[in-house]
Amino acid sequence: MKLSRRLQAIQNMVQKPYDHLWDCCCDHGYLGQSFLTERDKYSLGIVHLVDIVPALMNEVSARLNVELSASETHGKWQVHCLDVAKLPITSTEYAKDASHLVIIAGVGGDLLVELIQAIEQNNRGCLIEFLLCPVHHNYKVRQALVARGFGLVNEQLVEENKRFYEIIHVAKNSHEPLSLVGSDMWDLSRPADQRYLKETLAHYHRMKQNPAQQVNDVIDAYTELLSAEPSKF
């Protein structure tokens, strides 16, 4: 199965085993299915595919039953048709001791922040890491993650169909600080990275035209990044 460049980057960032992997807002479930077909590589316990649209989840369930159930080489999986904010993490076996990776991609920053807050509140005491790919408001997402005590595991900048995406993997037990403008994802010797940084800075300069928008700190942070030596990245 060939994934999009963005989904492939998300998959490649999973670098260790997890008892439960939650592929949220999974659309057609291709990412979760790819994890299942490469079971030996990722050593995952159960892959959960989650979306709130019944028709989509019926399609995903039917396809997985046909394409995966005939072989014992594929991992265990469950399909959930529900609001991502209500992930049943505490109902899983050995929930308090199990490791959970929650992947959320393809949603806006404001909704993403709400989902993270709800998932944490509803599953207190569980070991949960997040692998996130917002479609916009990356700075706001990073602010919320820092405020909630997350540190950086890994991050990557991906360009797909003339759009840029920041993929951010965070965990509470990571001791690496999470930068509000990104750190490990940048390679400013690459023209694409320079273009994205300049586009982002131009976006916040436009926002500054509205007196209600408090973006001076954001502009300063990206400007400092733009003036840094490429060798630092």
Side-chain angles (χ1 to χ4, degrees), residues 3-13 22-28 30-31 50-53 56 83-85 87 101-120 129-148 150-170 177-188 190-226 233:
L3 297 174
S4 69
R5 188 173 183 179
R6 179 173 58 98
L7 291 182
Q8 187 63 66
I10 292 173
Q11 184 176 29
N12 291 342
M13 285 177 67
W22 302 81
D23 177 15
C24 302
C25 306
C26 70
D27 198 10
H28 296 284
Y30 296 130
L31 178 60
V50 186
D51 206 301
I52 200 171
V53 182
L56 283 176
D83 183 346
V84 171
L87 288 187
L101 177 65
V102 175
I103 301 175
I104 310 176
V107 301
D110 290 328
L111 176 57
L112 193 53
V113 170
E114 293 176 9
L115 293 175
I116 294 168
Q117 179 177 349
I119 291 169
E120 283 207 297
E129 297 181 16
F130 288 92
L131 183 50
L132 310 168
C133 184
V135 295
H136 49 59
H137 295 159
N138 294 287
Y139 191 91
K140 183 180 292 187
V141 171
R142 289 172 178 273
Q143 280 183 312
L145 291 171
V146 170
R148 299 192 70 82
F150 284 98
L152 179 67
V153 176
N154 195 6
E155 62 182 3
Q156 186 174 350
L157 180 63
V158 175
E159 184 179 12
E160 179 182 86
N161 297 327
K162 299 182 179 181
R163 290 193 61 178
F164 288 94
Y165 298 91
E166 296 181 22
I167 306 173
I168 313 165
H169 185 176
V170 295
L178 176 64
S179 167
L180 298 182
V181 296
S183 53
D184 293 354
M185 72 178 189
W186 294 104
D187 180 355
L188 293 181
R190 298 183 302 202
D193 291 45
Q194 294 178 25
R195 187 169 75 254
Y196 174 62
L197 179 53
K198 291 176 182 178
E199 290 175 357
T200 303
L201 190 54
H203 165 72
Y204 282 106
H205 275 296
R206 289 192 297 271
M207 289 180 62
K208 191 177 180 180
Q209 304 303 314
N210 181 351
Q213 298 288 345
Q214 303 296 320
V215 295
N216 285 336
D217 290 345
V218 186
I219 290 174
D220 290 344
Y222 281 111
T223 300
E224 181 179 355
L225 185 61
L226 184 62
F233 295 87

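The figures here come from the full heavy-atom set of this structure, side chains too, leaving out hydrogens, waters and symmetry mates.
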Start with the C-alpha gap between L3 and I10, add the side-chain angles, then the distance that decides, and say whether side-chain contact (heavy atoms from CB on, under 4.5 Å) holds. CA-CA 10 Å; L3 297 174; I10 292 173; over 6 Å; no
With side-chain contact (heavy atoms from CB on, under 4.5 Å) as the criterion, how do L115 and D83 come out once you've worked through the C-alpha distance, each side chain's angles and the decisive distance to 0.1 Å? CA-CA 9 Å; L115 293 175; D83 183 346; 4.2 Å; yes
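Applying the side-chain hydrogen bond (donor to acceptor under 3.5 Å, both in side chains) criterion to Q156, with sequence neighbours excluded, gives no partner residue. The side-chain hydrogen bond (donor to acceptor under 3.5 Å, both in side chains) test applied to H28 returns E59, not counting sequence neighbours. Legend: residues meeting side-chain hydrogen bond (donor to acceptor under 3.5 Å, both in side chains) with R163, ordered by chain and number and at least two apart, are absent. In this view, Y204 and Y222 satisfy the ring-ring contact (aromatic ring centres under 6.0 Å, His included) rule, not counting sequence neighbours. Here A192 pairs with E159, F164, R195 under the side-chain contact (heavy atoms from CB on, under 4.5 Å) rule; sequence neighbours left out. Under the rule for a salt bridge (Lys or Arg N to Asp or Glu O under 4.0 Å), R5 has no partner lying at least two apart in sequence or in another chain. Applying the side-chain contact (heavy atoms from CB on, under 4.5 Å) test to A144 and every residue at least two apart in sequence or in another chain returns V113. With sequence neighbours excluded, the residues that form a side-chain hydrogen bond (donor to acceptor under 3.5 Å, both in side chains) with D193 are R190. In this structure, the side-chain contact (heavy atoms from CB on, under 4.5 Å) partners of E114, at least two apart in sequence or on a different chain, are L111.
Under the 4.5 Å side-chain criterion, counting only non-hydrogen atoms from C-beta, I52 is not in contact with V84. The shortest side-chain heavy-atom distance between D187 and L157 does not fall under the 4.5 Å cut-off. Between I168 and L178 there is a side-chain heavy-atom pair separated by less than 4.5 Å. Residues F130 and R148 are not in side-chain contact: their nearest non-hydrogen atoms beyond the backbone lie 4.5 Å or more apart. Between L132 and I116, the closest side-chain pair of non-hydrogen atoms falls below 4.5 Å.
When all heavy atoms of L152 and P177 are compared, the closest pair comes out as CB-O, 3.9 Å. The minimum heavy-atom distance linking G109 with V141 is given by the pair CA-CG2, 3.6 Å. When all heavy atoms of P134 and Y165 are compared, the closest pair comes out as O-CD2, 4.1 Å. Taking all atoms of both residues into account, the shortest heavy-atom contact from G108 to H136 is CA-CE1, 3.5 Å. When all heavy atoms of A105 and C25 are compared, the closest pair comes out as O-CB, 3.9 Å.
Put simply, CG on L225 and CG on L197 are 5.0 Å apart, with the number rounded to the nearest 0.5 Å. Taking CG from L131 and SG from C24, the interatomic distance works out to 11.0 Å, rounded to the nearest 0.5 Å. Separation of atoms NE2 (H205) and CD1 (I219) is listed at 4.5 Å; rounding is to 0.5 Å. Put simply, CD1 on I103 and CD on Q11 are 8.5 Å apart, with the number rounded to the nearest 0.5 Å. Here the straight-line distance linking atom CG of L87 with atom CD1 of I104 works out to 7.0 Å at 0.5 Å rounding.
Pairs passing the salt bridge (Lys or Arg N to Asp or Glu O under 4.0 Å) check and including a residue from residues 135-146, sequence neighbours excluded, read D110-K140, R142-E155, R142-E166.
Counting non-hydrogen atoms of neighbouring residues, nucleotides and ligands closer than 6.0 angstrom, the CD atom of E199 exceeds 12 such neighbours.
The closest donor-acceptor contact from the side chain of E129 to the backbone of L101 lies at 3.5 Å or more, if one exists at all. With hydrogens and angles ignored, the 3.5 Å screen pairs a side-chain donor or acceptor of W186 with a backbone N or O of V181.
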